[in-house]
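Taking it in order: structure first as structure tokens, then the write-up.
Positions are given from 1 along the sequence. Below, all heavy atoms of this structure are taken into account, side chains as well, without hydrogens, waters or symmetry copies.
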Amino acid sequence: MTITAAEDRLLVREELETSALVEAVCADESITVHTGSRAERVDSRERMLVVTLAGAQDVAGDRLFVGTGRRIELGDLGLESVGLDGTAPFIKVEENLRGADGIWAIGDVTGNPLLSLVAVYHSKIAAADILGRDHPPVQHHAVPRVTVTDPEVGSVGLTEWEARAADRDVIVAVKQFPATFAGVVPW
């Protein structure tokens, strides 16, 4: 099996070491990973799937994994008619998720982490605000996320490089996962 990623590594939202670990596990399991290669075309030839990468390199296999990502498209929503910028990459919202008078935005269109659990979280705050009920302000400082791989990757909050880019003091600690259960699990 082959995995192709347009970015320079497989898990771009995770720590460098985490991405490297998943890529190493793929290699151990005979899964070829191509990074930094944008897929331009997919064909079927003689019971094989063939992906043509940028630069005209072909990758063939009997199984194909396609990770397309998501892109927010606001252009056709008519946001200008309600005083919002329809050319913006996302709808800028206040801490109550209000984008304009009588307009609330939740989920992906707010430009916050593009995760379904964020949309559910947003919906509760927006609904409370619409109904005039007290609610906490929206916060995104510690959003959990998971990448369903083997090994599974879970994280919360900023990565080391995001924290450094935000000029935060950073302390890095590495702990093997089984050690996190010491004294908790009876085996």
If you look at every heavy atom in [X] and [Y], which pair is closest and at what distance?
{"X": "D129", "Y": "W104", "value": "OD2-NE1, 2.9 Å"}
{"X": "V25", "Y": "P151", "value": "CG2-CD, 3.7 Å"}
{"X": "V170", "Y": "A163", "value": "CG2-CB, 3.7 Å"}
{"X": "M48", "Y": "A60", "value": "CE-C, 4.1 Å"}
{"X": "A142", "Y": "V156", "value": "O-CG1, 3.7 Å"}
{"X": "E80", "Y": "G86", "value": "OE2-CA, 3.2 Å"}

Measure the [atom1]-[atom2] distance between [X] and [Y] for me, rounded to the nearest 0.5 Å.
{"X": "I72", "Y": "D108", "atom1": "CD1", "atom2": "CG", "value": "6.0 Å"}
{"X": "L11", "Y": "T159", "atom1": "CG", "atom2": "OG1", "value": "12.0 Å"}
{"X": "D43", "Y": "D58", "atom1": "CG", "atom2": "CG", "value": "8.0 Å"}
{"X": "I125", "Y": "I106", "atom1": "CD1", "atom2": "CD1", "value": "10.5 Å"}
{"X": "R164", "Y": "D169", "atom1": "CZ", "atom2": "CG", "value": "9.5 Å"}
{"X": "T32", "Y": "E23", "atom1": "OG1", "atom2": "CD", "value": "12.0 Å"}

Exercise for review: Apply salt bridge (Lys or Arg N to Asp or Glu O under 4.0 Å) to the pair R13 and E162, showing each step before the final yes or no.
Suggested key: CA-CA 10 Å; R13 286 277 299 128; E162 288 171 328; 2.5 Å; yes
Check your understanding: Does the pair V153 and L21 meet the rule for a side-chain contact (heavy atoms from CB on, under 4.5 Å), with working shown?
Key -> CA-CA 10 Å; V153 175; L21 173 66; over 6 Å; no
Review point. Should we say atom CG of D101 is surrounded by more than 12 heavy atoms from elsewhere, each under 6.0 Å from it?
Key: no
Can you confirm whether [X] sits close enough to [Y] that some side-chain heavy atom of one is under 4.5 Å from a side-chain heavy atom of the other?
{"X": "V93", "Y": "V109", "answer": "no"}
{"X": "L74", "Y": "I91", "answer": "yes"}
{"X": "T35", "Y": "D8", "answer": "no"}
{"X": "H135", "Y": "N96", "answer": "yes"}

Practice item. Apply the test salt bridge (Lys or Arg N to Asp or Glu O under 4.0 Å) to residues E14 and R9: give CA-CA distance (whole Å), side-chain angles for both, the deciding distance (0.1 Å), then the verdict. Key: CA-CA 10 Å; E14 302 302 335; R9 59 192 167 100; over 6 Å; no
Check your understanding: Quick one: does E15's side chain have a donor or acceptor within less than 3.5 Å of a partner on E160's backbone?
Key -> yes
Check your understanding: Is it true that a side-chain atom of Y121 and a backbone atom of Q139 form a donor plus acceptor pair closer than 3.5 Å?
Key -> yes
Review point. Can you get from V33 to V50 by hopping between Ile, Leu, Val, Met, Phe, Trp and Tyr side chains that sit under 4.5 Å apart?
Key: no
